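This is the structure, below, for whatever I ask next.
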Amino acid sequence: MAFDPSQLPSLLNPEQLRAATHSDGPLLVLAGAGSGKTRVITYRIANLVVAHGIEPWRILAVTFTNKAAGEMRERLERLLGYQAGEAWISTFHSTGARILRREGEAIGLPSSFVIYDEADQLAEMKRVMKAMGVDPKLVDPRKVLARIDDAKNHARTPADLAKRQAFDELSRLLPELYRRYQEALSVAGAVDFGDLLMRWVELFEEHPDILRKYQNRFRHVLVDEFQDTNRVQYRLLQMLAGDGRGLCVVGDDDQAIYRWRGADVTNLLSFPEDFEGAEVVKLERNYRSTQLILDAAHAVISKNRDRMEKRLWTEEQGGAPLVLIVARDERDEAMRVADQVRDLLRAGTEPAEIAVFYRTNAQSRVLEDAFRLGRIPHQIVRGRSFYDRAEVKDLAAYLRLALNPRSNADALRVINKPARGIGDTTVGRVEAAAAEWGVSIVDACRQAAQIPGLNAGAQGRVRSFATLVGKLAALAATEGSTAGEVAEEALQLSGMEAAFQTDGSDEALDRLENVRELVGAAKSWDEGWTPEVDAGDPDAEAPMALAAFLEQISLLGDADEKVQGPKVSLMTLHASKGLEFEQVFLTGMEETVFPHSRSLGEHGGEEELAEERRLCYVGFTRAKRRLVLSLASSRVLFGDLRFNPPSRFLGDVPRELFGIDAATARIPSRPQGIHVVYDEEELDREQAEIDLGDDDGFEEEVFVDYSFDQRPAPAPRARPPTPPRGAMPIRRERQDPARSAGGFTIGSPVRHSAFGVGMVEGIDGDKISVRFPGVGVKRVVDRFLQRV
DNA sequence: TGAGCGTCAATTAGC
DNA sequence: TTGACGCTCA
């Protein structure tokens, strides 16, 4: 064993040590960004096992992402070896799935239940609405699902919702839609993600004996990212951990960015009151960033109220100054970020150490264009993609049917895949019959002769689909059958392989490739598969290889989607949480972009804005060595041009933290209250419309000049064409040619408010090309130039 | 069945 | 502006 408890004091700082070794009684670890919390959790577990003699299977550690769980398990394995495998270290959802598979029968859930993803849920909801005669145009099925998800996050049943006053159509219909949706899932032997938690609660509430079993078992419960827990999760923890003795939660209220999906920071903030005698340990020493970056981050986050006071510090004093890029528009911004990234790569920075963040996915397009154009190796970091491909989901649906033929979402998905002459009409009749008889789709197909309206041909086709599913199910149920075998068989018997081959197009062959990859994944899963033995519950039945494989697909992302070669990462701020990079670029630092417009004005209250601020804090604290912030003076959004003022978060960062950005020579740094000055000349709305016409976007003049002073953000004086904080749409319009003035000659010196003095190199109507020393050639509208 | 077209909406996203 | 979706027509 690699772990020796007596060495802990030399491995951890005093606070970490206290957190890792505290015993007896609830513990809240407030772990600032980069303060080594995973380290603390793993050492804590190791210490429990080795120093306190706790059997590993008595330990439950829950996280939010598989990645976090994987990392934790890996680190624990290094400390404890094989014993680490006996601890339950997984996500809330995986834990729920595991417990429900074992105990779900008690609440009427078959152990072979399938887990519906968003697409399955949507399809199911559409069917429910259709059956209820609700027009999907009037009531958006996605919104219904969102509301149901929200209800599940709060552990609310359809009956709970029915008690509430409904003010709109959706709310009025919601309880019944919710009830029928659950009924449909039940018929299908399916659960959705929310159910993995909510039905788990239901199980514990209705069966105290089962709850007691797990309470007795898990002497220690550790929770990572506690600020992200929602009501249901909190309730589960309360039930499992009782008075909280043995409960250790780790989190950071400053990194709470998931309120919108049900997370409730109060779980963390009120932990000391909820669990009497709770010990609170603050980890404020940071091992990731430079002090300068931490200062910038603190400047932003400290403006939030209702936070647990803490301030990160590091021994890495100083650090590279922040850089501010002020770009003309979003394309310019993307190009300049790409340019700087290229410079870094040339200077030897590893691509994997560079990341570019943005608030919304829509911003990624221009960035990707610029990176592609600049031939910079990059990847957009998003969720899974392989398992989201249609053909892969199709084959997976056959596999799920093999295990659980009742799964209607899967049956309806593949009943006519590949095309086998079962059209919409037939499917509709099958569905109606299934609903009428209260049986599953596949069961109904088996009774094809009884289904009203089906002609002999349709009956035959429908029945053979049922036979197909039956064969796969029989194979899956055969003792010793493997996931790979079933997958292979499904590919053949379903006719998918033949269909792709017959088609023969590049696209079809591509898809064939993908489904074969899934078969390959199943086979390699078999190779690594050993039925689990739960040291804490030897009687628990181990799932079959196929079941485990499918669960992996449902709950895990693309484990196999490996990054090929070193690449620069592009991602949303939300996706950046938990990661770290040497060099971080944070783009779109503009009001209405970040903070997002939805958090401003009538849309958002104080809490929304506070969450944006935390998001900014998360973004800043990802940077290890250097942080580059960028904004665009103008930006095309939803087809029209907007001029957004600089983000208020920029204004929160003390100016001394910024260096000089060579590319925007006149803008030295940034002070209190960044404020916008619209060029020297007064710029009015009409003028703003000048010359933004050329669609290539590269020869426009900068109209808006960001300059800085110490005054607390005065209202933009040169009459902003917009209220200072709002975005203003301005239509693109060409300037009236008659207005263009001349008077400039090639070779003569001119002065520009932002670029300084330069030499005229070319004249094209009202656009003058000027070479500015240190800046390069700019195409500038003449009225912004002065003869010198 | 799938290409083509009009409509409509438009954070963030883990499991 | 993009994209997702549903509907229509060949």
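A, B, ... follow the sequence lines: proteins, then strands. Residue 1 opens every chain. Below, all heavy atoms of this structure are taken into account, side chains as well, without hydrogens, waters or symmetry copies. Being a predicted model, the structure only gives us computed values, none of them experimental.
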Atom pair distance, as rounded to whole Å: CG in L145(A) and P in dC15(B):
19 Å
Could you tell me if the ring centre of F649(A) sits under 6.0 Å from that of F594(A)?
yes
Grab the CG-P distance between D388(A) and dC15(B) for me, whole Å please.
12 Å
Rounded to the Å, how far apart are R382(A) CZ and dG14(B) P?
12 Å
Can any side-chain N or O of T621(A) pair as donor or acceptor with the backbone N or O of Y617(A) at less than 3.5 Å?
yes
Atom pair distance, as rounded to whole Å: CG in D424(A) and P in dT1(B)
7 Å
Would you mind telling me which residue lines up with the more 5' stretch of DNA chain B, T572(A) or R420(A), judged by nearest nucleotide?
R420(A)
What is the distance from CD of E591(A) to P of dT11(B), rounded to the nearest Å?
17 Å
Regarding K126(A), tell me which of base, sugar-phosphate or nothing describes its non-hydrogen contacts under 4.0 Å with the strands shown.
sugar-phosphate
Quick check: are there more than 12 heavy atoms from other residues, nucleotides or ligands sitting under 6.0 Å from CZ of R231(A)?
no
Regarding D228(A), tell me which of base, sugar-phosphate or nothing describes its non-hydrogen contacts under 4.0 Å with the strands shown.
nothing
Intermediate values then yes/no, salt bridge (charged side-chain N to carboxylate O under 4.0 Å, His left out), E225(A) and K577(A)
CA-CA 11 Å; E225(A) 305 279 13; K577(A) 194 172 156 213; 3.5 Å; yes
Please give, in whole Å, the distance from dG14(B) P to D117(A) CG?
13 Å
Pick the closest DNA chain B nucleotide for E118(A) and for E612(A) by heavy atoms, then say which residue is nearer the 5' end.
E612(A)
Given dT11(B), dC15(B), dA13(B), identify the nucleotide with an atom nearest to the side chain of R359(A).
dT11(B)
Can you tell which of dG14(B), dC15(B), dT12(B) lies closest to the side chain of T360(A)?
dT12(B)
Classify the nucleic acid contact of R142(A) as base, sugar-phosphate or nothing, counting any heavy atom under 4.0 Å across all strands shown.
sugar-phosphate
Can you list the steps and then say if R328(A) with E333(A) is a salt bridge (charged side-chain N to carboxylate O under 4.0 Å, His left out)?
CA-CA 7 Å; R328(A) 277 177 311 198; E333(A) 180 187 41; over 6 Å; no
Check: T63(A)/T91(A) side-chain N/O donor and acceptor closer than 3.5 Å
no
Are OP1 or OP2 of dG14(B) and a side-chain N or O of R261(A) less than 4.0 angstrom apart?
no
Roughly how many Å apart are dT12(B) and dC5(C), using the P atom of each and rounding to a whole number?
15 Å
Sugar-phosphate, base or nothing in reach of F193(A), heavy atoms under 4.0 Å
base
Validation row, ring centre H574(A) to ring centre Y258(A) under 6.0 Å
yes
Heavy atoms under 4.0 Å, any strand shown: does N416(A) hit a base, just sugar-phosphate, or nothing?
sugar-phosphate
Counting side-chain heavy atoms from CB outward, which of dT1(B), dT11(B), dC15(B) is closest to A419(A)?
dT1(B)
Is there a side-chain polar atom (N or O) of S597(A) under 4.0 Å from OP1 or OP2 of dT11(B)?
no
Positional range of nucleotides in DNA chain C within the contact set of chain A, heavy-atom, under 4.0 Å:
dT1(C) to dG6(C)
Counting any heavy atom closer than 4.0 Å, what does Q363(A) reach on the DNA or RNA strands: base, sugar-phosphate only, or nothing?
nothing
Atom CG of N230(A) and atom C1' of dG14(B) are separated, to the nearest Å, by 11 Å
Nucleotide dG14(B), atom P - distance to CG of L197(A) in whole Å:
16 Å
Between dA13(B), dC15(B), dA10(B), spot the one nearest the side chain of F638(A), thanks.
dA10(B)
Closest non-hydrogen atoms of N404(A) and S112(A), given as atom of the first, atom of the second and distance, are CB-O, 3.5 Å
Would you please say whether a donor-acceptor pair under 3.5 Å links the side chains of S554(A) and E551(A)?
no
For dT11(B), does the base pair up with any side-chain atom of H596(A) as donor and acceptor (N or O, under 3.5 Å, distance only)?
no
